[in-house]
Engineer: 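Can you read through this structure? Questions will come right after.
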Amino acid sequence: MADERREALSALIEWYVEAGIDLAIDESPQDRFAPQPPVIAPVPPKAAAEAPRRPAVPATPLRALAMAPEEAVGAARHEAASAQTLDELKALMERFDGCSLKATANRLVFADGRPGSRVMLVGEAPGAEEDREGLPFVGRSGKLLDRMLAAIGLGRDDVYIANIIPWRPPGNRTPTPQESAICLPFITRQIALANPDILVCLGGPAAQTLLQQREGILKLRGQWFDYACGERVIRALATLHPAYLLRQPQQKRLAWRDLLALKTALGAVEDVAG
Ligand code: URA
């Protein structure tokens, strides 16, 4: 009986995970369909009625919800502009409470690789593994990304990697336009402080957000754009996201073309510099 129950429970959990429900928002389960007891207003004892009321203090995760989106975007812009180094930026993002994604994520996923690298890659948002480890692209798509970079002679230490959204959206859902707008000042500042020669946008959301494009990634990929990076204008390439390539492996040939274009561009930048 106990075994049957265990099996039924693990089947239920698997079913939840497949449906994208892979984290608990509350400490204990709540049956929202259970019949509610009638609400009878208690008659307060005199002393209790006269006791001063304590102001309700919202729990930390709810603080973000108290901020209007425009207020949060303004706060993010102000904070991001004040950071003079990547370390400062990371520290103030860790303190920032204006994005509600922070409430459900385990931690900030700031960056990996070597700051100051000539190539910076930007993805969409961390997944479950990235959220656990605190580093971008360490899951399945990260492993593929490593192989793609290795194919043109680049390792993690030759590039700098971040995401548009630094907190994992629950169940890997698509970030809302509001969440993207709140996080945009941070990634924009991160790119300016990392100061790469070439920016690579991995997938549609990164390309559309950073390059201000509306077309889908299959139209944008392989194209070069100008990107205003602080005081400089650098080159930016849009390419396919490794997670998409895992689902559509026949499209790897397109990604390979983009990687070769990146390699050629790196050579060209080197020739100009040297
Ligand atoms: N997908 C992304 O866009 N970023 C990550 O860090 C991991 C997966």
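Both ligands and their constituent atoms are indexed starting at 1 by order of listing.
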Engineer: Looking at H241, which atoms of ligand 1 are within less than 4.0 Å of one of its heavy atoms?
Structural biologist: 1 (N), 2 (C), 3 (O)

Engineer: For V122 and M120, which heavy atoms make the closest approach, and how far apart are they?
Structural biologist: CG2-CE, 4.0 Å

Engineer: What part of E130 sits under 4.0 Å from ligand 1 if we count only heavy atoms: the side chain, the backbone, both or neither?
Structural biologist: side chain

Engineer: Tell me the contacting part of P136 for ligand 1: side chain, backbone, both, or neither, using a 4.0 Å heavy-atom threshold, strictly below.
Structural biologist: both

Engineer: Report yes if some N/O of F137 lies less than 3.5 Å from some N/O of ligand 1; otherwise report no.
Structural biologist: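 Between F137 and ligand 1, an N or O pair is found under 3.5 Å apart.
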
Engineer: Would you mind listing which atoms of ligand 1 come within a distance below 4.0 Å of any non-hydrogen atom of G123?
Structural biologist: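 So the atoms of ligand 1 that pass are 3 (O).
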
Engineer: How far is atom 4 (N) of ligand 1 from the closest protein heavy atom, and which atom is that?
Structural biologist: N163 OD1, 2.8 Å

Engineer: Give the numbers and elements of all ligand 1 atoms closer than 4.0 Å to a heavy atom of S141.
Structural biologist: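 Within the 4.0 Å cut-off of S141, ligand 1 contributes 8 (C).
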
Engineer: Below 30° counts as parallel, above 60° as perpendicular, anything between as tilted: where do the rings of W167 and F96 land?
Structural biologist: parallel

Engineer: Evaluate the salt bridge (Lys or Arg N to Asp or Glu O under 4.0 Å) criterion for residues R114 and D158: first the C-alpha distance (whole Å), next the side-chain angles of each, then the deciding distance (0.1 Å), finally the verdict.
Structural biologist: CA-CA 6 Å; R114 187 171 54 81; D158 302 309; 5.1 Å; no

Engineer: Does the distance from a Lys or Arg side-chain N to an Asp or Glu carboxylate O, for D197 and R235, drop under 4.0 Å?
Structural biologist: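 No, D197 and R235 are not salt-bridged.
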
Engineer: Does a salt bridge link D146 with R156, judged by any charged N lying under 4.0 Å from a carboxylate O?
Structural biologist: yes

Engineer: Would you mind running through ligand 1 and noting each atom that sits below 4.0 Å from a heavy atom of E124?
Structural biologist: 2 (C), 3 (O)

Engineer: Can you tell which part of A125 has a heavy atom less than 4.0 Å from ligand 1: side chain, backbone, both or neither?
Structural biologist: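 Near ligand 1, A125 shows its backbone, while the atoms from C-beta on stay back.
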
Engineer: I'd like to know if R173 pairs up with E179 as an ion pair, taking the criterion as any Lys NZ or Arg NE/NH1/NH2 lying under 4.0 Å from an Asp or Glu carboxylate oxygen.
Structural biologist: yes

Engineer: Tell me if a side-chain donor or acceptor on N163 pairs with a main-chain N or O of E124 at a distance below 3.5 Å.
Structural biologist: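 Yes.
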
